[in-house]
Amino acid sequence: MTDTPKTTLHRLGREQRPLIAIDDFWPDPDALREDAASLRMTAIGPHYPGVRAEVPPRLAETMRRRIAPLLAEHFGLDPAPAVSEAYYSLVTTAPSDLAPIQRLPHFDGVEPRRIAVLLFLGEGEQGGTAFYRQRSTGFESIDASRLDPFRTALDADVQAHGMPDASYIAGDTALYACVAVQPARFNRALVYAGNTLHCAYLPPEVVLSSDPLAGRLTLNLFLFDD
């Protein structure tokens, strides 16, 4: 059994978007690790640099309800968005094997009612999650009105500077400025808007492993509805 959860509100970058960090989030995080280790994890989609397994729907819904009051208070989302996807996620891709899109910050979608919840379940050095500003536009989040200018600027920036080398982002680049890093901590949950530019923070000392009990394991909830 863990300690009582501790909630801290952060404001990101110039846009001051809310990010909530919840330490000691889940009462039995070791049970989640064991659950993940019992499942067959596979590649899901072209963007995530590793393997995933679906989280049981009842567990995902329990977590959603747990954070719903925070979404109402800090994001103005009442009722809370529904669970659209939920995964155990394990980073396994070597830096040299990263696809071009995996070397850049990303956003989950442009919709205002899209929320990401990330729970760190790995032990030891796990890096964290970093948040970014596109240098050429100043954008730290991408809504529908910013999507086309963001894409146009990204194309121009890649033409001018080239694609980043095959490595995980771990700070400022020619295209993006890092505005904040939230360090990974066992049983720490991060809650933030899905249209915020972000990326896993994986400095070289983070060990990648295909064993969920040894590698960079997270539980990811994606909340979204119209």
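Reckoned from all heavy atoms, side chains included, excluding hydrogens, waters and symmetry mates. Model, not experiment: these values are computed from the prediction.
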Charged tip of Arg52 within 45° of Tyr48 ring normal and under 6.0 Å: yes
Ser141 versus Asn195, side-chain donor and acceptor atoms under 3.5 Å: no
Criterion side-chain contact (heavy atoms from CB on, under 4.5 Å) on Glu125 and Val207, from CA distance to verdict: CA-CA 8 Å; Glu125 177 56 58; Val207 176; over 6 Å; no
Nearest heavy-atom neighbours spanning Leu221 and Arg64: CD1-N, 4.2 Å
CG on Asp157 to CZ on Arg135, rounded to 0.5 Å: 10.0 Å
pair Val181-Thr129: side-chain heavy atoms closer than 4.5 Å: no
Cluster link Leu223 to Ile142, ILVMFWY, side chain under 4.5 Å: no
Atom CG of Leu147 with >12 non-hydrogen neighbours under 6.0 angstrom: yes
Tyr168: partners by ring pair (Phe, Tyr, Trp, His ring centres under 6.0 Å), with sequence neighbours left out: none
Least distance between heavy atoms, Leu104 atom then Pro164 atom: CD2-CG, 3.7 Å
Residues Arg103 and Asp165 bridged, charged N to O under 4.0 Å: no
Straight-line distance of Ile101 CD1 to His106 NE2, nearest 0.5 Å: 9.0 Å
Distance-minimising heavy-atom pair for Val206 and Arg216: CG1-CD, 4.4 Å
Nearest atoms (heavy-atom pairs only) where Ser210 meets Thr92: CA-CG2, 4.0 Å
Rounded distance (nearest 0.5 Å) linking atom CG of Leu59 with atom CE of Met63: 4.5 Å
Presence of salt bridge, Arg188 and Asp23, under 4.0 angstrom: yes
Single-linkage hydrophobic cluster, 4.5 Å side-chain cutoff, Leu118 and Phe222 together: no
Full working for side chain to side chain donor-acceptor pair (under 3.5 Å) between Asn220 and Thr218: CA-CA 6 Å; Asn220 302 79; Thr218 60; 2.9 Å; yes
Tyr88 side chain to Leu39 backbone, donor-acceptor under 3.5 Å: no
Note, Leu71 side chain near Pro81 side chain (heavy atom, < 4.5 Å): yes
Interatomic distance, Thr196 atom OG1 to Asp108 atom CG [nearest 0.5 angstrom]: 8.5 Å
Pro112 side chain reached by Asp143 side chain, heavy atoms, under 4.5 Å: no
Residue of the set Arg17, Arg14, Gln16, Arg133 for which side-chain hydrogen bond (donor to acceptor under 3.5 Å, both in side chains) holds with Glu140: Arg133
Mutual orientation of the aromatic rings belonging to Phe131 and His198 [parallel < 30°, tilted 30-60°, perpendicular > 60°]: tilted
Residues Leu121, Leu119; criterion side-chain contact (heavy atoms from CB on, under 4.5 Å); working and verdict: CA-CA 6 Å; Leu121 292 172; Leu119 175 60; 4.0 Å; yes
Donor-acceptor under 3.5 Å (Glu15 side chain, Leu12 main chain): no
Distance-minimising heavy-atom pair for Tyr132 and Gly171: CE2-O, 3.4 Å
Arg33 vs Leu217, side-chain contact (heavy atoms from CB on, under 4.5 Å): CA-CA, chis, key distance, verdict: CA-CA 8 Å; Arg33 286 165 52 84; Leu217 178 67; 4.1 Å; yes
Gap separating the OG atom of Ser167 from the CG atom of Leu202, nearest 0.5 angstrom: 10.5 Å
Shortest non-hydrogen separation from Asp172 to Cys178 and the atoms involved: OD1-N, 2.7 Å
More than 12 heavy atoms from other groups under 6.0 Å of CD on Gln159: no
Under-4.0 Å salt bridge between Arg113 and Asp225: yes
Ring-face cation of Arg114 near Phe224 (centre distance under 6.0 Å, axis angle within 45°): yes
Plane angle bin for Phe150 and Tyr176 - parallel if under 30°, tilted between 30 and 60°, otherwise perpendicular: tilted
Separation between CG of Asn187 and CZ of Phe25, rounded to the nearest 0.5 Å: 8.0 Å
Exam field: side chain Glu73 to backbone Leu70, donor-acceptor pair closer than 3.5 Å: no
Test side-chain contact (heavy atoms from CB on, under 4.5 Å) applied to Phe107 and Leu197, step by step: CA-CA 5 Å; Phe107 56 96; Leu197 285 167; 3.9 Å; yes
Within 6.0 angstrom of Arg11 CZ, more than 12 heavy atoms from elsewhere: yes
Donor-acceptor pair, side chain of Gln102 and main chain of His47, under 3.5 angstrom: yes
